[in-house]
Novice: 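After the structure tokens below, expect a handful of questions from me.
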Amino acid sequence: MDERYDPKKIEGKWQTHWDATGLFKVKEDLSKEKFFLMEMFPYPSGKIHMGHVRNYSIGDVVARYKRMCGFNVLHPMGWDAFGMPAENAAIQNNTHPAKWTYENIAAMGAQLKAMGFSYDWDREIATCRPEYYRWEQWLFVKMFEKGMVYRKDASVNWCETCQTVLANEQVEQNMCWRCGEEVEQKKLEQWFFKITDYAEDLLDHCERLPGWPEKVVTMQKNWIGKSHGAEILFPVAGSDIKIKVFTTRPDTLCGATFMCLAPEHPLVELLCKGTPREAEVMEFVARMAKQEKAKRTSEDYEKEGVRVGAQCINPLTGKTMEIFTANFALMDYGTGAVMSVPTHDQRDFEFARKYGLDMIVVIQPEGQTLSPETMAEAYVEEGVLVNSGQFDGMPNRDAMEAIAQYLDENNLGKKTVQYRIRDWGISRQRYWGAPIPMIHCPTCGIVPVPEDQLPVILPEDAHLLEGGKSPLSSLEEFAKTTCPKCGNENARRETDTMDTFVESSWYPERYCSPHCDTAMFDVEAVKYWMPVDQYIGGVEHAVMHLLYSRYFTRVLNDFGLVDFKEPFTRLLTQGMVCKETLKCPEHGWLFPQEAEGAGDERTCTKCGKPVEAGRVEKMSKSKKNVIDPAELLERYGADTVRLFCLFAAPPERDLDWSEEGVEGSFRFLQRVWRMFAMHFDAISGTAAYTGSPDALEGYLKDLYKKTHQTIKKVTHDIDGRFHFNTAISAIMELVNMVYGLDDNLEDKKRAGVLRAAIEAIVLLVSPVAPHFSEELWSLFGNENNVLETSWPTYREDALKADEVVIVLQVNGKLRSKLTVDVGTGDEEVKQMALADEKVQKFIGEKTIRKVIVVKNKLVNVVV
RNA sequence: GCCCGGGUGGCGGAAUAGGUAGACGCAAGGGACUUAAAAUCCCUCGGUGCUAGCACUGUACGAGUUCGAUUCUCGUCCCGGGCACCA
């Protein structure tokens, strides 16, 4: 064998071999226990980045480990292939989104193969292919027929730069999540999925996701945002109109002294119409429509409102309340109307002070008397009701229930719950997405495309328009159609496409039978494989993608297509890949090669100014701190890159990139290779020793035990815990021990024990460095692949040590150590401890008050 | 503001039913091999003090529980993330 480990000589060879023998292909096999492992599929942006490498390296370790443990492992990969970057790139490079996308898929697929990931590539999917989105359209029609999809004219988030509508989740700090442009409001006819119908179920099952990180579950719960309260009707003075409000504090009802309506509330216009206030109110409404969302996020946000010129009646006290329209009242939460209780709500308090409105205290804290004149802020704590008629004296917690019940009995309101989550707006005014399979007929209205006419294929000959606007509406060959119901020839297709989160909401199911052309998926295959046993991806998808997937699974469940509700049993969210940044006071972010010198002394090559070593931050092009996996692959090979990604940090934590660390990982593989080569002749003709440790002695006995202890540790670290860094550490320790081999060539069992240790090392490291292990494994003369070999097992009798070190403490401080046989009696150990010279010294003249003995661990003498 | 995480050597990180703090790796220093270098192998490596073997001290900071606390409790500070006019 070669003296040196050269990844170039072995990685390509084994990749070809694995591919040719179909090693990674799987099919349903009822005789085996299944394990469905998925990593989040990538957007085909051009080439893979370190985030992908880390994510997929983690996944591949689990896949290979589970496979060796005897599981039938489904480990697929695909492409989240629709989306805006393709359009942007197409406009920029004068190409077509499809061409750009398919080329990227080919390039990135080759890179993933070069990483040696064990995907069943026969199951590869790309969401932009009609074979895929066809079934999404099919489901859309089914959902439409069942009333799970609807269309409404809605005020939506509009990004002028991207010329498209954004979902609430795609708006961050009122900026577009992709381009950073400020988001405006625009009214458009939109398609919505009724995800709110499932709000309660989605929330409820949050408690039943024990395999998910708590953080993600919490974020989902916050997003759904359930609050308990009551709906209350307030009659408008001198009219039949009643204003419905939602409140979480029905106990404060008697303190409600005014009412605030959202500017978009239909009653605002109705109530002010024909009054002297009309002009001012409508001016306010128009102003709010323009700036409301932008104002919401500004720091120096000011509560403001105008009187609409009408009053309503507090249903409990009969008092007249002024009606306002105010900027902080939101039309899309609750009922768009707020009963304002200035004494017990800080926002209402400020509003009332500003406009000089009445305040009535209705909750009195124990041992204190609040009065509206002297209050500096709203009282929001617990207390007892006052000024509330029949409810006076009642603790406010009880009053919530009592008042709600009273309202219900008198038809004035009812107990209810509200959710923060809104229906999922899926319409996108974009080209590169799945067409919404609907037809607008002048006579029949909205008509779904019949099943036998699906898929509605996205025309690939469309010319993209400057500014990113969708060309579909102006593409007559596409838009013009006949109504499938009445044959009207002036019907037009829906030209909006679907949010790309729709595609990723059901791709696990598709992986189970990716070539099924008679249905969304083969129900039996899904029954076998689903749900996904382990899903791995970035925490940035904690809300949107994961929530939508959970929702879609429920929809499929309602259609009887799947028999489960939760798609992902276990979830691992891995941390980001970060690297040091460099900043020049004049030239901003610098590439590493733009700085000269070392450490804190570096200077900018352009201006000579001292370079500030910035913080370690997530790799990004703009900060010029990215590492291209392709270069690493070329220099070190896939196994080293994989090893470093797994060794440098536990998966859920951020990983700090270190060039020296990669170098160290490479050195480790080199070291193992050398160890193997060094002992190869001595052990190649021998079988690994598998007997009892008691038949061995000295170093060989220790090495044998260390081997089995390592197998146990690595197994436990990988299985469920995912602490690959400590697993690798353990293997390194074993390797170090083999290096410390004392050359007692006389011992006949030497070769066998050595072989046992080295075989274990090769197998244990194989999920991390598969090509490397495969090569060494084959040098042993094995015919089968490592992946077809069983994961090593350990002997219980080889785990326990013969002797243990007992820590001797005096008053809790370490003073000495003692080596005794395992299982030495407490009393004997205690006597040995007391007789210890150093212990004696620290006891000195003092009296022994107590001696604590912990078996096989320590003795603590208290004086 | 509210809700979650997290603060351990020069660095990445180990160790928690409370029981030797710093595994493993990186960086650094020393030695061996070599004509030399690279590569490799071995050793040292939290801080302070000296009589060089010890002693003291040390897991963000301050208290507490305990024979014993990185681990449990309370308070403070800092960092990261999520939510935030949600009625």
Side-chain angles (χ1 to χ4, degrees), chain A residues 3-4 213-223 225-227 229 245-249 252 256 259-260 262 292 295-297 301-303 326-330 332-341 345-348 350-351 418-421 539-540 542-543 575-576 580 599 615-616 643-644 647-650 652-665 667-668 670-671 674 713 723 725-736 739-740 805-817 838 841 849-863:
Chain A
E3 280 302 306
R4 274 183 68 82
E214 223 182 278
K215 185 172 73 167
V216 176
V217 174
T218 307
M219 283 164 77
Q220 297 231 334
K221 281 192 215 161
N222 287 344
W223 191 263
K226 182 181 186 177
S227 44
V245 307
F246 171 74
T247 179
T248 53
R249 296 293 306 272
T252 64
M259 167 80 61
C260 290
E292 200 229 329
K295 265 244 158 177
R296 280 173 70 174
T297 48
Y301 169 87
E302 171 103 28
K303 288 147 194 56
N327 57 350
F328 60 78
L330 308 172
D332 50 6
Y333 183 79
T335 61
V338 188
M339 70 170 208
S340 299
V341 185
D345 180 282
Q346 189 56 27
R347 186 190 53 204
D348 296 344
E350 286 165 29
F351 193 87
Q418 274 295 328
Y419 299 91
R420 206 188 72 109
I421 189 173
V539 74
E540 64 271 23
V543 179
M576 300 179 295
E580 178 195 54
R615 298 157 43 126
V616 174
L643 177 66
F644 176 74
F647 179 63
E652 65 277 10
R653 224 184 291 188
D654 286 352
L655 182 149
D656 287 0
W657 192 261
S658 144
E659 197 59 43
E660 294 82 9
V662 183
E663 203 69 58
S665 295
R667 268 203 302 269
F668 171 68
Q670 198 67 258
R671 192 170 149 85
R674 224 171 6 250
K713 169 126 181 85
H723 282 202
N725 55 333
T726 51
I728 294 165
S729 294
I731 301 170
M732 286 172 167
E733 282 186 53
L734 181 56
V735 171
N736 288 346
Y739 265 88
V805 175
I806 303 287
V807 174
L808 304 183
Q809 298 180 332
V810 177
N811 281 352
K813 281 188 181 168
L814 173 71
R815 294 306 178 186
S816 186
K817 286 174 192 176
K838 287 191 193 128
K841 185 181 137 200
R849 284 176 43 204
K850 206 169 162 190
V851 179
I852 289 141
V853 182
V854 181
K855 199 159 183 70
N856 294 336
K857 276 232 172 95
L858 69 88
V859 178
N860 187 13
V861 183
V862 186
V863 296

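Just so it is clear: chains get the letters A, B, ... in the order the sequence lines come, proteins before strands, and each one is counted from 1.
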Novice: Answer with base, sugar-phosphate or nothing: what part of the nucleic acid does A/V862 contact at a heavy-atom distance below 4.0 Å?
Specialist: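 Touches sugar-phosphate only.
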Novice: For A/M219 and B/rC83, give me the distance from atom CE to atom C1', rounded to whole Å.
Specialist: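 After rounding, the gap between these two atoms is 9 Å.
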Novice: In whole angstroms, how far is the P atom of B/rG1 from the CZ atom of A/R347?
Specialist: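 Interatomic distance, CZ of A/R347 to P of B/rG1: 19 Å.
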Novice: Rounded to the nearest 0.5 Å, how far does CD1 of A/I731 lie from NZ of A/K713?
Specialist: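 Taking NZ in A/K713 and CD1 in A/I731, the distance rounds to 11.0 Å.
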Novice: Return yes if a side-chain donor-acceptor contact under 3.5 Å exists between A/N736 and A/R671, otherwise no.
Specialist: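 Judged by distance alone, the side chains do pair up.
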Novice: Are any of A/S665's side-chain N or O atoms less than 4.0 Å away from OP1 or OP2 of B/rG25?
Specialist: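 Looking at the OP1 and OP2 atoms of B/rG25, neither is under 4.0 Å from any side-chain N or O of A/S665.
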Novice: If you check every side-chain atom of A/F647, which of B/rC67, B/rG25, B/rC56 has the closest atom?
Specialist: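 From the listed options, B/rG25 comes nearest.
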Novice: Under 4.0 angstrom, heavy atoms only, what part of the nucleic acid is A/K817 near: base, sugar-phosphate, or nothing?
Specialist: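 Base contact.
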Novice: Should B/rU44 form a Watson-Crick or G-U wobble pair with both distances under 3.5 Å, which nucleotide is its partner?
Specialist: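 Paired with B/rA28.
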Novice: Is any N or O donor-acceptor pair between the side chain of A/Q809 and the base of B/rG19 shorter than 3.5 Å?
Specialist: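 Between B/rG19 and A/Q809, which were checked side chain against base, a qualifying N/O pair under 3.5 Å is present.
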Novice: Which whole number of Å gives the distance between the C1' atom of B/rA14 and that of B/rU66?
Specialist: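 These two C1' atoms come out 26 Å apart once rounded.
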Novice: I need the CG-C1' distance between A/L643 and B/rC24, as an integer number of Å.
Specialist: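 Atom-to-atom, A/L643 to B/rC24, this comes out as 12 Å.
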Novice: Output yes when at least one side-chain N/O atom of A/R674 is less than 4.0 Å from OP1 or OP2 of B/rC41, else no.
Specialist: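 Looking at the OP1 and OP2 atoms of B/rC41, one of them is under 4.0 Å from a side-chain N or O of A/R674.
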Novice: Using Watson-Crick or G-U wobble geometry with both distances below 3.5 Å, tell me the partner of B/rA84, or none.
Specialist: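 Its partner: none found.
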Novice: Does A/T335 reach a base, just sugar-phosphate, or nothing at all? Heavy atoms under 4.0 Å.
Specialist: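 Here A/T335 touches no strand at all.
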Novice: Need one value for A/N860: base, sugar-phosphate or nothing, where a base atom within 4.0 Å counts as base even if backbone is also close, heavy atoms only.
Specialist: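 Touches a base.
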Novice: Taking the side chain as every heavy atom from C-beta outward, state whether A/I852 and A/Q809 have any pair of such atoms under 4.5 Å apart.
Specialist: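 No, every pair of side-chain atoms sits at 4.5 Å or beyond.
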Novice: Give a yes/no answer on whether the side chain of A/N725 brings an N or O atom under 4.0 Å of OP1 or OP2 in B/rC24.
Specialist: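 Negative; the distance criterion is not met.
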Novice: In Watson-Crick or G-U wobble terms, both distances under 3.5 Å, what is the partner of B/rG19?
Specialist: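 B/rG19 is paired with B/rC67.
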Novice: Between A/Y419 and A/Q670, who's closer to the 5' end of RNA chain B by nearest nucleotide?
Specialist: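 So the residue in question is A/Q670.
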Novice: What distance do A/T726 atom OG1 and A/F647 atom CZ have between them, rounded to the nearest 0.5 Å?
Specialist: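 Interatomic distance, A/T726 OG1 to A/F647 CZ, rounded to 0.5 Å: 10.0 Å.
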Novice: Over how many whole Å does the gap from A/D345 atom CG to B/rA87 atom C1' extend?
Specialist: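 After rounding, the gap between these two atoms is 7 Å.
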Novice: I want to verify a distance call: between B/rC41, B/rU20, B/rC83, whose nearest atom is closest to the A/R420 side chain?
Specialist: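 The answer is B/rC83, which lies nearest to the side chain.
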Novice: Taking syn as any angle within 90 degrees of 0 and anti as the rest, which one fits B/rG9?
Specialist: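 This nucleotide is in syn.
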Novice: Given the C1' atoms of B/rC42 and B/rU48, what is the spacing between them in whole Å?
Specialist: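 Straight-line distance between the two C1' atoms is 29 Å.
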Novice: Answer yes or no: does a side-chain N or O of A/K850 lie under 4.0 Å from OP1 or OP2 of B/rC67?
Specialist: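 Indeed, a polar side-chain atom of A/K850 lies that close.
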Novice: So if I take every side-chain heavy atom of A/L330 and compare against B/rG19, B/rC86, B/rC54, which nucleotide ends up nearest?
Specialist: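 Nearest to the side chain of A/L330 among the choices is B/rC86.
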Novice: Taking atom P in both B/rC61 and B/rC77, compute the distance separating them and give it to the nearest angstrom.
Specialist: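 It comes out at 15 Å once rounded to the nearest Å.
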Novice: Between B/rG53 and B/rU40, how far is it from one P atom to the other, in whole Å?
Specialist: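 Straight-line distance between the two P atoms is 33 Å.
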Novice: If you check the A/P650 side chain, which of B/rA84, B/rC54, B/rA14 turns out closest?
Specialist: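 Of all the options, the side chain of A/P650 is nearest to B/rA14.
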Novice: Side chain of A/E214 only, heavy atoms from C-beta on: which candidate in B/rU20, B/rC56, B/rC4 is closest?
Specialist: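 Selected nucleotide: B/rC4.
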Novice: Taking the C1' atom in each of B/rA28 and B/rU76, what is the distance between them to the nearest angstrom?
Specialist: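 Going atom to atom, C1' in each nucleotide, I get 37 Å.
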Novice: A/E3 has an atom CD; how far is it from atom C1' of B/rA39, in whole Å?
Specialist: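 That distance rounds to 13 Å.
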Novice: Could you tell me whether the phosphate oxygens of B/rC41, OP1 or OP2, come under 4.0 Å of any side-chain nitrogen or oxygen in A/R671?
Specialist: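 Yes, because at least one side-chain N or O of A/R671 sits under 4.0 Å from OP1 or OP2 of B/rC41.
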Novice: Applying the Watson-Crick and G-U wobble criteria at under 3.5 Å, what pairs with B/rA52? Answer none if nothing qualifies.
Specialist: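 For B/rA52, the partner nucleotide comes out as none, under the 3.5 Å rule.
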Novice: Quick check for you: to the nearest 0.5 Å, what is the distance between A/Q670 atom CD and A/E663 atom CD?
Specialist: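 Answer rounded to 0.5 Å: 10.5 Å.
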Novice: If pairing requires Watson-Crick or G-U wobble contacts with both distances under 3.5 Å, which nucleotide is the partner of B/rA39?
Specialist: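 Paired with no nucleotide.
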Novice: Looking only at atom C1', what distance separates B/rC83 and B/rG47, rounded to whole Å?
Specialist: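 Per the computed distance, 43 Å lies between those C1' atoms.
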Novice: What interatomic distance, in whole Å, is found between C1' of B/rG18 and the corresponding atom of B/rG29?
Specialist: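 Between the two C1' atoms, the distance is 37 Å.
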Novice: Report yes if a donor N or O on one partner sits less than 3.5 Å from an acceptor N or O on the other, where the partners are the side chain of A/N222 and the base of B/rC83; otherwise report no.
Specialist: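 Donor-acceptor pair under 3.5 Å: no.
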Novice: Could you check whether A/R653 gets within reach of a base, just the sugar-phosphate, or nothing at all, counting any heavy atom under 4.0 Å?
Specialist: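 It contacts sugar-phosphate atoms only.
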Novice: Rounded to the nearest angstrom, tell me the gap between atom CG in A/D654 and atom P in B/rC79.
Specialist: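 Rounded to the whole Å, the gap is 17 Å.
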Novice: Rounded to whole angstroms, how far apart are CG on A/L814 and P on B/rG58?
Specialist: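 To the nearest whole Å, that distance equals 15 Å.
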Novice: Pick the closest RNA chain B nucleotide for A/E733 and for A/Y333 by heavy atoms, then say which residue is nearer the 5' end.
Specialist: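 Looking at the nearest nucleotide for each, A/E733 comes out on the 5' side.
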Novice: Looking at A/K813, I'd like to know whether one of its side-chain N or O atoms comes within less than 4.0 Å of OP1 or OP2 on B/rU57.
Specialist: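 Answer yes for this pair, as a side-chain N or O of A/K813 is under 4.0 Å from OP1 or OP2.
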Novice: Flag the pair A/V861 / A/R815 as yes when at least one side-chain heavy-atom distance between them is below 4.5 Å, and no otherwise.
Specialist: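 Not touching, per the 4.5 Å side-chain cut-off.
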Novice: Could you tell me the Watson-Crick or G-U partner of B/rG5, where both distances fall under 3.5 Å? Say none if there is no partner.
Specialist: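 B/rC79 is the nucleotide pairing with B/rG5.
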Novice: Kindly point out which of B/rA27, B/rC41, B/rC24 is positioned nearest to the side chain of A/R667?
Specialist: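 That would be B/rA27.
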Novice: Are A/N811 and A/V862 packed together at the side-chain level, in the sense that at least one heavy-atom pair is separated by less than 4.5 angstrom?
Specialist: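 A side-chain contact exists here, since the closest heavy-atom pair is under 4.5 Å.
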Novice: What distance, rounded to whole Å, do you find between the two P atoms, one in B/rG64 and one in B/rC54?
Specialist: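 Rounded to whole Å, the distance is 33 Å.
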Novice: To the nearest Å, how far apart are A/N736 CG and B/rA23 C1'?
Specialist: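 Whole-Å distance recorded here is 11 Å.
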Novice: Let's go through A/F351 and A/F328 carefully: what are the C-alpha distance in whole Å and the side-chain angles of both, what is the deciding distance for ring pair (Phe, Tyr, Trp, His ring centres under 6.0 Å) to 0.1 Å, and is it a yes or a no?
Specialist: CA-CA 10 Å; A/F351 193 87; A/F328 60 78; 5.6 Å; yes
Novice: Rounded to the nearest 0.5 Å, what separation is found between the SG atom of A/C260 and the NZ atom of A/K303?
Specialist: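 Answer for the SG-NZ pair, A/C260 versus A/K303, is 11.0 Å.
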